[in-house]
Structure formats: C-alpha cells, structure tokens
Amino acid sequence: MASSVRYGSRRERYRIECGDRQAEMKQYFLISLFVSILLTGCSQLGDQGMDADAFAARIYFKYPELKDKKYEIATVKRTVDGDTFETDSGHKVRLIGVNSPESIGKAEYYGKEASNFSRERLSGKKVYMFQDTGDKDRFGRLLRYIFIENENTMYNETLLVEGYANTMTVPPNVMFSEKFIEVEREAREKKKGLWEEPQENNFKSDKCGEPKIKGNINSKNEKIYHMPGGRYYDQTKAEEMFCTEEEAAAAGYRMIKE
C-alpha cells in the first residue's frame, strides 16, 4: 500500500514538473517571438533613417552651404508649373532662386515645356527640402531648395542647367544666388531650353520690316530694352525685338540705365 502511494506521488510530481517546463518553454517562445518582431521593426526603421541620413550627407558634401540646415522629406502630389508643386500633405512649395516661364493664364515662351519637365521629373517622387533664411512667400508657399531622392544635384539648379528657368534673386534667400547666376550664364551660352535661338515669329514685331530695339530679361528678372548704338547693345541677347520704345514699354520693358 505504501509502495502504491509513493508511486502515485512520484507520478504526480513528474506530471507537475512537466507542466511547469511546458509553461516555461511556451513563455520563452512567446517572449522570443515578441523580441524578434520588435527588433525587426526597429531594424527596418533604423535602416530607413540611415538611408535618409546617408543621402543627406551626400547633399551636405556637394552643397556645404546647407550643412547647418535641417531637411524635410515630402512626396510630390502634383506640379503647378515649372517652379511650384504641391506635396501630399497639401503644402504648396515654391523653388528658391529660379523662375520658370508662366504656363497658366497668359502662357509665356517655353512655359509649357518647363511645366511638362517638372511634372515628369517630380510627380510622385520623394523629395528632400531645405530652407534658406525665409520660410514662406507672401502667398503662403514654402520656399525651398529641393533634391529628388538619390539625385545629388539640386533640382532648382537642374532647371537652370537645362534652360527651363532663369534666376530670380529675392532677399533674404540668397544662399546660392551667385552660383545660380553662373549656371544660367552657362545655359545661355549653350543655348539650352528657353535660351535657344527663337524662331523669328516668336520675337519679331510685325509692325515694321526689321525691328532694332532689343528686349532682354536680366539675371534679376527685370525686363530691359536696349537701343541701337547703346553701350551694351551688341552683346545683348534679345528675348524680344521691338520697332518702337512705346511698343517695348507696353510689353513691360524699361530702357537700360547706362
């Protein structure tokens, strides 16, 4: 009888011990699974952060002027024209230091081409945005230098290089003004984009046989006209030609101050 009791007690202890081990193993498995999921998630987030910071480091290396500037990341929802777009969060963004020809309303020469270029390059893309001194313009648009993800050249600069914009310097956002003026000068010399030789019917007046007054848009986006015999007449590239000073003034040009 005593032997039977001892046997039953041993079996009961064995059953209890086995149950405890199974519970411990199950608990260990669940903890391990949780930690594994947590580490995987953190690893993915960390990789994404490292990727963003690595790309930003490449930007800072090429454009050291931005080294003290923080970046924002956004996705382009749609483009408005060559130099303006809207993000997926609803913010309108105006590119600093450049001005593309108008494509909406009274369309300007090469405006559609500039708008189409930005739509193809930016729509749906992730962009890194950097601020200069000012944050917004008087229309409430964010003022930014932008980079398409994994492209080391600033997109503002790309518009100038390819001739889809001219420079527009508006203080206090002048960090790259001198660089942009030089880039535009090179695009003009290479006759890229809007600086290509226009067809005669694109810039000649039909009010006289051979117009002589040259209309030029300078690096400050000012419309200036030059008279034959003027100091800078021979070296000036004409965006438009006029027969009379009245005609030039009506088109928004003023005489150069020599």
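Residue numbers count from 1 along this sequence. This structure is a prediction, so every number in the text was calculated from the model and none was measured.
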Quick one: do Glu72 and Lys70 satisfy salt bridge (charged side-chain N to carboxylate O under 4.0 Å, His left out)? Show the steps, please.
CA-CA 7 Å; Glu72 312 158 72; Lys70 295 181 179 179; over 6 Å; no

Decide salt bridge (charged side-chain N to carboxylate O under 4.0 Å, His left out) for Lys191 and Glu196; before the verdict, give the C-alpha distance in whole Å, the side-chain angles of both, and the deciding distance to 0.1 Å.
CA-CA 4 Å; Lys191 296 181 171 52; Glu196 66 183 359; over 6 Å; no

Run the numbers on Tyr63 and Phe147 for ring-ring contact (aromatic ring centres under 6.0 Å, His included), then give the verdict.
CA-CA 11 Å; Tyr63 299 88; Phe147 296 80; 5.3 Å; yes

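The residues Arg144 and Asp135 are annotated as salt-bridged, a charged nitrogen and a carboxylate oxygen being separated by less than 4.0 angstrom.
One hydrophobic cluster, built from ILVMFWY side chains closer than 4.5 Å, cannot hold both Leu159 and Val174; they sit in different ones. Cluster membership for Ile181 and Ile256, using ILVMFWY side-chain heavy atoms within less than 4.5 angstrom, is not shared.
Minimum heavy-atom separation, Asn166 to Trp195: CB-CZ2, 3.7 Å. What you find for Met129 and Ala74 is that their closest heavy atoms are CE-CB, 4.0 Å. The heavy-atom pair separating Pro101 from Leu194 by the smallest distance is CG-CD2, 3.8 Å. Smallest separation of non-hydrogen atoms from Asp81 and Ser118: O-CB, 4.0 Å. Considering every non-hydrogen atom in both Pro172 and Asp132, the closest pair reads O-OD1, 4.0 Å.
Side chain of Glu86 to main chain of Lys77: no donor-acceptor pair is present (N/O by atom type, distance under 3.5 Å, no hydrogens or angles). Between the Lys237 side chain and the Arg188 main chain, no donor and acceptor come within less than 3.5 Å of each other. With Asn156 contributing its side chain and Ile146 its backbone, the two residues share a donor-acceptor pair below 3.5 Å.
Between Asp83 and Tyr164 there is no side-chain heavy-atom pair separated by less than 4.5 Å. Contact check for Glu186 versus Val161: no side-chain heavy atoms found under the 4.5 Å cut-off. Here the side chains of Val127 and Tyr155 are not in contact, with every heavy-atom distance at 4.5 Å or above. Within the 4.5 Å cutoff, the side chain of Pro228 has heavy atoms near those of the Tyr233 side chain. Side-chain contact between Met175 and Leu66 is present, with at least one heavy-atom pair separated by less than 4.5 Å. Annotation: side chain of Thr158 is in contact with side chain of Arg121 (closest heavy-atom distance under 4.5 Å). Side-chain contact between Met154 and Phe176 is present, with heavy atoms from C-beta onward closer than 4.5 Å. For the pair Val93 and Thr87, the minimum side-chain heavy-atom distance is below 4.5 Å.
Counting heavy atoms of neighbouring residues, nucleotides and ligands inside a 6.0 Å radius, atom NZ of Lys126 does not exceed 12 of them.
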Residues 110-117, side-chain donor-acceptor partners within the protein, below 3.5 Å, at least two apart:
from: Lys112; atom 1: NZ; to: Ser103; atom 2: O; distance (Å): 3.2
from: Asn116; atom 1: OD1; to: Arg119; atom 2: NH1; distance (Å): 3.2
from: Asn116; atom 1: OD1; to: Arg119; atom 2: NH2; distance (Å): 2.7
from: Asn116; atom 1: ND2; to: Lys112; atom 2: O; distance (Å): 3.2

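A search for side-chain contact (heavy atoms from CB on, under 4.5 Å) contacts involving Lys223 returns Ile217, Tyr253, not counting sequence neighbours. With sequence neighbours excluded, the residues that form a side-chain contact (heavy atoms from CB on, under 4.5 Å) with Val80 are Arg78, Thr84, Lys92, Ile104. A search for side-chain hydrogen bond (donor to acceptor under 3.5 Å, both in side chains) contacts involving Glu245 returns Tyr225, not counting sequence neighbours. Residues passing the side-chain contact (heavy atoms from CB on, under 4.5 Å) test with Lys125, sequence neighbours excluded: Ile148. Qualifying side-chain hydrogen bond (donor to acceptor under 3.5 Å, both in side chains) partners for Glu149, counting only residues two or more places apart in sequence or in other chains: none. Not counting sequence neighbours, the partners of Lys136 by the side-chain contact (heavy atoms from CB on, under 4.5 Å) test are Leu142. Applying the ring pair (Phe, Tyr, Trp, His ring centres under 6.0 Å) rule to Phe85 yields no partners; only residues at least two apart in sequence or on another chain are considered. In this structure, Arg254 has no side-chain hydrogen bond (donor to acceptor under 3.5 Å, both in side chains) partners at least two apart in sequence or on a different chain.
In summary, of the residues considered (Tyr71, Tyr60, Tyr128), a ring pair (Phe, Tyr, Trp, His ring centres under 6.0 Å) with Phe55 occurs for Tyr128 alone.
Residues in residues 167-179 take part in these side-chain hydrogen bond (donor to acceptor under 3.5 Å, both in side chains) pairs, two or more places apart or across chains: Thr167-Glu184. Applying the salt bridge (Lys or Arg N to Asp or Glu O under 4.0 Å) rule to pairs touching residues 60-69 yields nothing, sequence neighbours excluded.
Residue Lys212 holds its NZ atom at 12.0 Å from CE of Met227, rounded to the nearest 0.5 Å. Within the model, atoms CD of Glu247 and CE of Met241 stand 10.5 Å from one another, a figure rounded to the nearest 0.5 Å. Once rounded to the nearest 0.5 Å, the distance linking CG of Leu160 with CG of Asn99 reads 10.0 Å. Taken to the nearest 0.5 Å, the CD atom of Gln131 stands 10.5 Å off from the OH atom of Tyr145.
Met168 shares a hydrophobic cluster with Val170; the chain of contacts runs through ILVMFWY side chains whose heavy atoms sit under 4.5 Å apart.
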